[in-house]
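First the structure, in the form of structure tokens, and then the observations on it.
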Number of protein chains: 2
Amino acid sequence: MINKKKTTIKDIANVLGITPSAVSKALNNHPRISEKTKTDVLQVAKNLNYQPNRLASALRKGKSNLVGVIIPRANSHFFSSIIQKIEDLLNKEGYNIIITQSNESYEKECRSIDALLYTQVDGIIASMANETVKLDYYEKIKSKGIPLILFDRGENDLNVDYIGIDDYQSSQIVIEHLVNQGCKRIAHIAGFSHTRIYKNRIRGYRDALKKFGLPIEDDLIVESNLRIEDGRRIMKQLLKLQNIPDGVYISGDYTALGALQVLQEENINVPNDIALVGFSNESFSSLVTPSISTIEQHSEKIGELAANAFLHRIATKNENVSLNKMILQAELIIRNSSKRK
Amino acid sequence: MINKKKTTIKDIANVLGITPSAVSKALNNHPRISEKTKTDVLQVAKNLNYQPNRLASALRKGKSNLVGVIIPRANSHFFSSIIQKIEDLLNKEGYNIIITQSNESYEKECRSIDALLYTQVDGIIASMANETVKLDYYEKIKSKGIPLILFDRGENDLNVDYIGIDDYQSSQIVIEHLVNQGCKRIAHIAGFSHTRIYKNRIRGYRDALKKFGLPIEDDLIVESNLRIEDGRRIMKQLLKLQNIPDGVYISGDYTALGALQVLQEENINVPNDIALVGFSNESFSSLVTPSISTIEQHSEKIGELAANAFLHRIATKNENVSLNKMILQAELIIRNSSKRK
DNA sequence: AGTTTTTATTCAAACGTTTGAACAATCATT
DNA sequence: AATGATTGTTCAAACGTTTGAATAAAAACT
């Protein structure tokens, strides 16, 4: 039952008594090919169960129809729904996507980039690892003339298309909300400030505190890797302060979960003693008790914009179109961890 | 700065005054090429920043060095750590992997398979969507002679390599544990029984109940899609029974989370009134309150075995090696949701 | 009827690599 | 010194498609 030899355009050509190039043109809907030939070719192609050899076409055209996507990790609602959207849109345009996870490791990210370049992807859509500070590998992508689109974790210095949310403003919204709930002393469990988005969130947090006349203290801002353990560790640390906070803004829901757990272990009432707001709207955030207030980043929209940015780059390859920084407004979802009655 | 033309083996050949085929053989470490030529070629390749054209080589060799991986969704600790491991191992062997998410949809799965076949992957590693009952698309993979490895969600009828855990036995362990905690009436929120793994879990559940002389009632077994909402809905339904259960075994941690939330809303003590055990050891399971007892499926090991199964298939392409069903023992992690003091 | 234009197809080269066969040169064996 | 084996390289074809130029045939215009 297994067909040893695959059918090629040559086989189709033989059946119809025309040349392979005519078949190729017919399949590609070339204007100079007669309607009759086109329908004939399509018919025969179907009969012989013809599957085009993507590799041959890719080689000839110098285009692989593959797009690389680099994310820090797939195990997150935010990233998984972004790649889902990207895959969806790019598949429609005939692209396949190669997803790689950096696991927040710079080293792994570099290896991924090399692998993608070797695979001759037509473009790379990426969100940088937390660890990444050196941009040499990203420069490498650019220097090869391969379209590069960054989302969420990007770098201004790279001068490429970027899609993300307004982190600065998100912090402002969070702080305003906490202030409205009566918080007077707000801590921030932050990501590392060398990453642009976390830096902006910290800036937004500081400026908002200033605006509301609240104390800005170094003890109240702790940077970390934002893993669950970090949330636990830092929350414990905050509780040891002589003057503990009554509100905590946390740059990630996993981290917020860790913090929440510590508070529960210590029998501290959330939100009344300490109110919490997280970030990212993970799938569990609405489901734990108390449910976690958080920032929804509109991941699908980000995915959509990233995919379109890539397609646009490809379509206008050497037209030198100006680059796009697309900044979305994020949305605060108020849940029980910060809603004082 | 951008090098317009890429260097090819021809360029290297010109520099050294030898033929491209000699260069090719040198690069592939052909035994008949002299050591001197090999080192020369490597040197020049480095100088010219030579990057092999994977497409050309793939076309000639009829091998893309791409492997497709199909998972129901990336947003799960189980699947994301499996693909991480697969990627890791296969990258080392020079393969890149294309990940696609079926989102538990049969239709999406079919499209993914078509896309992967079109991309001419060298093999497919897949875990089937819950929805999938027709195996025609998987048969298509087989009929093309492309190695197919299934994990977790597999089908015996397909007769391909399979890696999974012993679902039947996992259920037994769970029930035994719940019985030890004093449960006398144990419900099961199950996946759809048309999927082999869920069928086996149901069978294990039933047989274990029988073994311990506990009641087996249709009302106590509810099949679902295992989403969070399903957990909520079904738990509410179970609480409406005239005779409510005192233990619930749930085939997924997300679902268990939904169920847990309902119990807390109803002020039912977990584990003392109702003990819960989930499945999959999601990242949040240890972190909610009470922490959820669950089955750890050794996802990394599964990923490792799947990758190796693929490599083994490739290595022994036409040797007709017998197929491997690899069944791992799962491990029960006892946490507070089922630990009565 | 002759010339130009249009239409449909073929020709031939190209994309960059791989690979078995062929060849020449060197070395070993008698 | 003649023969055979070994070594290092070249030759040429192949993988399956695409594409611009060339050609042939048909149609349209003088």
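Computation of the quantities below employed the complete heavy-atom set of this structure, encompassing side-chain atoms and omitting hydrogens, waters and symmetry-equivalent molecules. Throughout, a chain's letter reflects where its sequence line sits, starting with A, and its residues are numbered from 1.
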Nearest whole Å is fine: how far is [N] [atom2] from [X] [atom1]?
X	N	atom1	atom2	answer
B:L55	D:dT18	CG	C1'	14 Å
A:K36	D:dA26	NZ	P	15 Å
A:L59	D:dT19	CG	P	12 Å
A:L27	D:dT18	CG	P	8 Å
A:N29	D:dT18	CG	C1'	15 Å
A:K10	D:dT18	NZ	P	16 Å
A:I33	D:dT18	CD1	P	12 Å
A:N65	D:dT18	CG	C1'	14 Å

Margin query: Is the terminal nitrogen or CZ of A:R196 (NZ for Lys, CZ for Arg) located under 6.0 angstrom from the six-membered ring centre of A:Y162 and within 45° of that ring's axis?
Written below: yes
Measuring from the side chain of [X] (C-beta onward, heavy atoms only), which nucleotide among [options] has the closest atom?
X	options	result
A:I9	D:dT17, D:dG16, C:dA8	D:dT17
B:R32	D:dT10, D:dG8, C:dG16	D:dG8
A:A22	C:dT10, C:dT17, C:dT18	C:dT10
B:K25	D:dT18, C:dG20, D:dC15	C:dG20

Report task. Under 4.0 Å between any heavy atoms, over every strand shown, what does B:S21 touch: base, sugar-phosphate, or nothing? Just pick one. Result ->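 It contacts base atoms.
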Just to be sure I understand the rule, does B:S57 reach a base, reach only the sugar-phosphate, or reach nothing, if contact means heavy atoms closer than 4.0 Å?
sugar-phosphate
Is there a side-chain contact between [X] and the phosphate of [N], meaning an N or O under 4.0 Å from OP1 or OP2?
X	N	result
A:N53	D:dC15	no
A:T37	C:dT9	yes
A:S34	C:dT7	no
A:T19	C:dC11	no

Next on the checklist: For C:dT18, does the base pair up with any side-chain atom of B:R60 as donor and acceptor (N or O, under 3.5 Å, distance only)?
Outcome noted: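 Answer yes: a donor N or O sits under 3.5 Å from an acceptor.
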Exercise for review: Identify whether the distance between the nearest side-chain nitrogen and carboxylate oxygen of B:K92 and B:E87 falls below 4.0 Å.
Suggested key: no
On DNA chain C, nearest-nucleotide positions of A:I18 versus B:T7: which is more 5'?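 Its nucleotide being nearer the 5' end, the pick is A:I18.
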key: Sub-4.5 Å side-chain heavy-atom contact between A:S299 and A:K85   =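 No, every pair of side-chain atoms sits at 4.5 Å or beyond.
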Looking only at heavy atoms, the pair that brings A:V160 and A:K325 closest together is O-NZ, 2.8 Å
Taken to the nearest 0.5 Å, the spacing of B:N49 CG from B:K6 NZ works out to 11.0 Å
